[in-house]
Every structure is written in structure tokens, then in C-alpha cells.
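Chain identifiers are assigned alphabetically (A, B, ...) following the order of the sequence lines, protein sequences preceding nucleic acid strands; residue numbering begins at 1 within each chain. Values reported hereafter were calculated over all heavy atoms of this structure, with side chains retained and with hydrogens, waters and symmetry mates removed.
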Amino acid sequence: MDVRESIKNLIEEALSSLGLEISDEIHLERPANVEHGDWSTNVALALAKKAESNPRDLAAQLASAIENFTSDYVDRLEVAGPGFLNFHLNKTWLYDVLVQSVDAGSKDWARSQHGANKTVIVEFVSANPTGPLHAGHGRGACYGDSVARLLERSGYSVSREFYVNDRGTQMNLFASSLAASAADEEVPVDGYHGAYIKEWSTDLPEGDDPLEWGKKRALSSHKEVLSSLNIEFDSWFSENSMVESGSIEKTLSLLDEASASYEKDGAIWLKSTQYGDDKDRVLVKSDGEYTYLLPDVAYHLDKLARADRLINVWGADHHGYISRMKAAIESLGHEPERLEVEVTQMVNLQRSGEEVKLSKRTGDIVELSEVVKEVGSDAARFTYLLQSIDTTQTFDLDFVSKRVNENPIFYVQYAYARIRSMMKKADQVGFKPLPLSEIDLSELQHPREMVLIRSLHELPDVVDRASRELAPHQITAWLREFAADLHGFYHDCRILGDDIEPSLTQARFLLMRGVLVGLEVGMELLGVSAPTEMWRDDLVEEGDG
RNA sequence: GCCCCUGUAGCUCAGCGGAUAGAGCAUCGGCUUCCGGAGCCGUGUGCGCAGGUUCGAUUCCUGCCAGGGGCGCCA
């Protein structure tokens, strides 16, 4: 039985012996301070009023009640602070955790089932196919993919989807810009002026449709850079395909039937104000052309039919569209809660502390491919996922590209490489790991060892919470902590050597196998690689001559 | 004016309604017979302001102040 379940049972039994029931506000938590025990509960604080007692007295009553029950894990109990009940456990529970993690392996450790039998579509990036992805897209791309990975580990059946706006005003402008540039003519004023237009247009074969060709070119550029970031989409959903299938027109009539739209000034409007938007929005312009909104509503209807849950990742500049999209969904009879929009705040690029100026007007952007080329895929991903998406991010290209331990990605990867390096050496000196059943885990007594297993034990909870809150940065934070725990252990405790008891070597080697599992799970969720070795740039140069 | 995000250490950021609010960088000072020193250990300062809810608020609610973003028959 899981430790937590075991302790929870104890508490419930004790409560019922006092005629009390457990309630939702009751938590079992791991105190930050080790002096407060291994596990702690606030039951006495939460139920004191109901029990017509004060928290400390109630806690004391509970403690003496619990003493009457037996548990394999509990060493002693104490009442502390305002009325916390603290459980001090013997080390066997940590040994059990270690064995469980090694048994499970990185494929199965830290899985949960809260998404079992549920489907979710994670839609992200969805940049227009009118040019290359830029540095800002990287944040949404890495975030969306990691959210998908978290949901997969939580049992969801996940589809990663990219919505392609391959028709409409912007697409036409892109096509005419390409055509003009190819013909050495002036690009339209409201067209695209980035340097890539000139570059791409020289490849445009004569006689090809610039729109179709340009779309293909842009999409292959998107795929290439996303793939370099270890991001693969399951589906690329074409807006234009909904013209052909008639689903846009069908959506329009559905809105009409639902009395959710009306005609005014020659245009067709969505009554989004009925559902909390601050103004009504145009669906079909007076010239008969759709706004971006109508196809997008059609697209979301399509997604609603395909999955239980929809998650969209949008940039901060699109937050204003949330209310109208939800209004459209609701007016068509769907629960707006089924669409969750996660908004990523902006990314400011720097080089050595100096801001990199971006100008949309001149098309002067830093392409995502340049970022990946400059800092590397792993560093780019880890850095994009370093902090909550609710904060604006400063991304310093020079710092992130440095292969130094101050750079979190290298600090974490080095922890992994260090263990793998040790294992390689162990193999070379003829070390043979014993089967689990023959290893004496009670050899593990050092505080550094206990800290490592405690952190390993936290991972399933961290993953569970990160997947519920759609917050991959919690994984990043855990990994940094865990890597620090490993470095600390490695500094103080030797695994191999003539002066180390063979039984201790065996136990520590197993511990390292558990640590590898934890690191692998964390890095897999972030989409970064777990290298078996890594070398500093200057050492590589020396080594290779 | 309205909407969204943010305000925590000198800087960059974590922080689940709980106990003495944590990391990294920077500062200063230590640690090498070492499986990779790319590491480890120590060193002090902080929850923007004011109310409210609560046994308990950095955390939830309201107002204010400050910074960023958005308010098109563009996407």
C-alpha cells in the first residue's frame, strides 16, 4: 500500500473513533521542514470547530487514538505548532519508493490515470503560413508540446493539432507579395516585407500558383524547425478544407438557426454580447468575405465533435478573442468550459543583456530556426519552459547558448551524464549489479541519500499537478532541484571504490538507477534529451586537437 | 475608458490557504589523495499599498498604485 493511503487510513480510523468524519479541507502534506516529520496533517485545525474543541487538544486526542492502530511505517507522532499532527516515519517507506521507481522504469513511473478514457486536442502554434516562425512562437510551441506530454502521462489520448489559416486576406497578400518580388516589382504596401520574401520568391517556379506554392514553402519551414525542437504534430488542419467541405457555410446557418447572428450594414454579425463579449463581432463582411472568426468557429465545432476537451495555446496578443470564441460555442449549445485557452505572455529577446529590437513593419524578426541554431534545441526548450507562461520572459541568446553549469539545462543534463559515466566505469571495473531482492537497502542511511529518494517520491505528485494545471514549468523546477540533490549526493558519497563496502556499492548503484528514472521522466516531459555524456566546448576542442 | 497578465532578495524566477517565504546569479569566504571540480558547502536582504474572508493569507475576494499586452467589416 502507498504510504499516503496508509496514513490516511490511520487518520480516518482515528477520526471515526472520535465520531468525526473526514472532509475536503483536510490535507496530508509533506512539510518543508524535516523537523516537522515526514508527513503532516491539518485535520485538527480544520475540524476543531466542528468538534467543539481547540486544535491542539483535538490533535492530541487524535494522536492517542492513532497510537492504538498499527502501521508498518509510522515511527512516532507529535502535535506541533497551532495543531498540526506530524508523522515521523521509519526509512522503509523511502526504500519502498526507490524500489517502486526502479520497478516501474521511466516509461511507467509518475503516471496517473486522471485522463484515462478521455480525449483532448491540444492546438498550438497555428501561425499563418505566410512566413517563417519567429522566436516568440517558440514559447507557445514548447509549452503546447509539453502540455501534450503531461496529458499523455496522465492517461489522456492526446492529439497535437496545428490550425493552418491557408485562405483569406493575409494569404492573398502573402501570395501577391511573393509574386511581386519574383517579378522584381514593388511589394504591395500592406503586403509582407520580410527579407524571406525576396529569398523565397527566387525559388518560385514560373507558372506555379504563388499562394499554393507559398503555403507549401511556409509549412515545410514550420515543420522543419518544429521537428528540430522535437515537436511533431498529429494533424495540420486546413482552413481552406472547410470551404470545400461546406462546413463554414453550415456553421453560418447553424448560427442563424440558433438566432445567434443578425444582418446589419450589409454584414452578418455574431451576437457575442449575449454571452459576455463587450461588442458584437462580424462574421461575414459587407463585401461577402468571411472574417477570420467564422472559419475559426467552424473549426472549433469540428474539434468539439472530435474530443472531450479542447486546449488552445494562444499568444498574449490574442487574448481578446477568447470571449468571442466562447460566445460562439455557447450560442451553438456547447458548454464553453470545454474550450480552455492558455495564453502565453511575450518573450523579449536579448543578447548579453542588450534587447534585440524587433520590427514587424520591416519584417525584421528573429526566426525560431536562428534561435535553435544559436542555442541548441535542448537549451531552447528548457529555457522556454523555465518559467510560468503568465510571466513575460526574457530570453538571452548568449546566456542560453553557454555550456556552463549556471545554465540550468546543462546543470540538469550533467547530473544525468555523471551517473551514466559512473555506470560506464562500474562496468569497466567489472561491477555486477545484484538482483533487487539481494540488495540490502538499509545500507542507505546518509542524509543525501534520503533527500534524493524524497525528491523521487515527489515526482508523481508534481507530474499530476503540473498536468492538471497545464504548467510544465513545475517539472522544470523539480528537475533543477533534483539535479542539485544528485550533485550534492555525488559530492559527499562515493559509489565505487576499494574502500566502499560491496553491499553499499550495490545499494547506491540501485539508488542511481532510481535517480535516472526520475531524470528521464522529467526530461521526457520537457522534450529535452538525456545525454549519456557531454563535453564542454573548450575541452572538446582540446581533446580533438 | 474597458479587458488580460505581472508586481516576492541587488538581478532572474519558484512558492499546494498552513509552521522559521525558497532556488539560481551577483557579493564575500571555504572545500581537490575525487566514480567528470562542468561540482559541493557557508554568507543577508524581500511578499507594491489598503481593506475583506479565514483558526490561519505571499496565496482567495475588492479597491488603489506601477509595468507589459490587447481593444478593426486584419489574422
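- Arg494(A) comes within 4.0 angstrom of a base, heavy atoms only.
- Residue whose closest nucleotide on RNA chain B sits further toward the 5' end, between Pro82(A) and Val284(A): Pro82(A).
- Comparing Asn86(A) and Thr391(A) by the nucleotide of RNA chain B that holds the closest heavy atom to each, the one mapping nearer the 5' end is Thr391(A).
- Comparing C73(B), U20(B), C35(B) against the side chain of Asn33(A) picks out U20(B) as the nearest.
- The CG-C1' distance, from Asn348(A) to G68(B), rounds to 9 Å in whole Å.
- At a threshold of 4.0 angstrom between heavy atoms, the contacts of Tyr411(A) are confined to the sugar-phosphate backbone, with no base atom among them.
- Look at G1(B): its Watson-Crick or wobble partner, with both distances under 3.5 angstrom, is C71(B).
- Taking the charged nitrogens against the carboxylate oxygens, Asp461(A) and Arg30(A) do have a contact shorter than 4.0 Å, which makes a salt bridge.
- With both pairing distances under 3.5 Å, G44(B) is matched to nothing as a Watson-Crick or G-U wobble pair.
- Nucleic acid contact for His36(A): base, since at least one base atom lies under 4.0 Å from a heavy atom of the residue.
- Nucleotide G67(B) holds its C1' atom 12 Å from the CD atom of Gln345(A), rounded to whole Å.
- Considering only side-chain N and O atoms, Gln387(A) lies under 4.0 angstrom from the phosphate OP1 or OP2 of C13(B).
- In this structure, Trp314(A) places its CH2 atom 15 Å from P of C5(B), rounding to the nearest Å.
- No engagement by Phe410(A) is indicated, since no non-hydrogen atom pair under 4.0 Å with the nucleic acid exists.
- Close to G72(B), at under 4.0 Å from its OP1 or OP2, lies a side-chain N or O of Lys279(A).
- Between the C1' atoms of C64(B) and C13(B), the separation comes to 26 Å (whole Å).
- Comment: Glu449(A) engages Arg508(A) in a salt bridge, judged by a side-chain N to carboxylate O separation of less than 4.0 angstrom.
- Using a 3.5 Å distance cut-off with no hydrogens or angles, the side chains of Tyr262(A) and Asp256(A) do not pair a donor with an acceptor.
- Distance noted for atom P between G15(B) and C3(B): 26 Å (whole Å).
- Of the candidates C40(B), C35(B), A14(B), the closest approach to any side-chain atom of Asp492(A) belongs to C40(B).
- Put simply, CZ on Arg480(A) is 5 Å from C1' on G24(B), counting in whole angstrom units.
- The distance from atom CZ of Phe489(A) to atom P of G37(B) is 14 Å, rounded to the nearest whole Å.
- If you take atom P in C4(B) and the same atom in U62(B), they sit 10 Å apart, rounded to whole Å.
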Which is it for Phe237(A) and Phe162(A) under the ring-ring contact (aromatic ring centres under 6.0 Å, His included) test, yes or no, and what are the steps along the way? CA-CA 6 Å; Phe237(A) 193 99; Phe162(A) 191 122; over 10 Å; no

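- With a cut-off of 3.5 Å on both Watson-Crick or G-U wobble distances, the partner of G22(B) is given as C13(B).
- The nucleotide whose nearest atom lies closest to any side-chain atom of Lys49(A) is, among U54(B), C74(B), G68(B), U54(B).
- Aromatic stacking of Phe84(A) on G18(B): not satisfied for centres closer than 5.5 Å together with planes under 30 degrees.
- Comparing atom distances between the His491(A) side chain and each of C73(B), U20(B), C31(B) picks out C31(B) as nearest.
- No salt bridge links Asp280(A) with Arg324(A); every basic N to acidic carboxylate O contact stays at or beyond 4.0 Å.
- Among C3(B), C35(B), G15(B), the nucleotide with an atom closest to any side-chain atom of His319(A) is C3(B).
- Pairing of G56(B), defined by two Watson-Crick or G-U wobble distances under 3.5 Å, is not identified with any nucleotide.
- Glu52(A) has no carboxylate O lying under 4.0 Å from a charged side-chain N of Lys50(A), or vice versa, which leaves the two without a salt bridge.
- As judged by a 4.0 angstrom heavy-atom cut-off over every strand, Ser421(A) is placed among the base-contacting residues.
- In this model, no side-chain donor or acceptor of Asn42(A) finds a partner on the base of A19(B) within 3.5 Å.
- Using atom P as the reference point in both G63(B) and G1(B), the two lie 15 Å apart (nearest Å).
- Using a 4.0 Å cut-off between charged side-chain N and carboxylate O, Glu289(A) and Lys285(A) make no salt bridge.
- C25(B) and C35(B) have their P atoms separated by 24 Å, with the value rounded to a whole Å.
- Residue Ser388(A) is classed as a sugar-phosphate contact, given heavy-atom separations below 4.0 Å to backbone atoms only.
- In this structure a side-chain-to-backbone donor-acceptor pair under 3.5 Å is present from Ser272(A) to Lys279(A).
- Within 4.0 Å of Asp277(A), counting heavy atoms only, lies no atom of the nucleic acid at all.
- Below the 3.5 angstrom threshold, one finds no donor paired with an acceptor across the side chain of His473(A) and the base of C13(B).
- Taking atom P in both A19(B) and U27(B), one finds a spacing of 32 Å when rounded to whole Å.
- Taking the side chain of Leu45(A) as heavy atoms from C-beta on, and the options C55(B), A14(B), C35(B), the nearest nucleotide is C55(B).
- With a cut-off of 3.5 Å on both Watson-Crick or G-U wobble distances, the partner of G37(B) is given as none.
- Set against C73(B), G70(B), A19(B), the side chain of Pro31(A) has A19(B) as its closest nucleotide.
- Using a cutoff of 4.0 Å between basic side-chain nitrogens and carboxylate oxygens, Asp277(A) and Arg281(A) are scored as salt-bridged.
- Taking atom CG on Leu283(A) and atom P on G72(B), their separation rounds to 16 Å, with Å as the unit.
- Residue contacts for Ala32(A): at a heavy-atom cut-off of 4.0 Å it reaches no nucleic acid atom on any strand shown.
- Separation of the C1' atoms belonging to C60(B) and G18(B) is 14 Å when rounded to the nearest angstrom.
- Between the CG atom of Asp485(A) and the P atom of C40(B) there is a distance of 10 Å, given to the nearest Å.
- Within 4.0 Å (heavy atoms only), Glu35(A) reaches at least one base atom of the nucleic acid.
- Between U6(B) and C47(B), the two C1' atoms lie 14 Å apart (nearest whole Å).
- Distance, Leu459(A) CG to C16(B) C1': 16 Å, rounded to whole Å.
- Across all strands, Ser286(A) comes closer than 4.0 Å to base atoms (heavy-atom distances).
- Residue contacts for Ala267(A): at a heavy-atom cut-off of 4.0 Å it reaches a base atom on one of the strands shown.
- When the side-chain nitrogen and oxygen atoms of Arg448(A) are compared with OP1 and OP2 of C41(B), one or more of them lie within a distance under 4.0 Å.
- Pairing for G51(B) goes to C61(B), judged as Watson-Crick or G-U wobble with the two contacts each under 3.5 Å.
- One finds the CG atom of Asp166(A) at 7.5 Å from the CG atom of Leu219(A) (value rounded to the nearest 0.5 Å).
- Looking at heavy-atom distances under 4.0 Å, Asp296(A) makes no contact with the nucleic acid at all.
- Looking at the side chain of Asp390(A), the nearest of the listed nucleotides C55(B), C25(B), C5(B) is C5(B).
- Residue Arg281(A) is out of contact with every strand shown, counting any heavy-atom pair closer than 4.0 Å.
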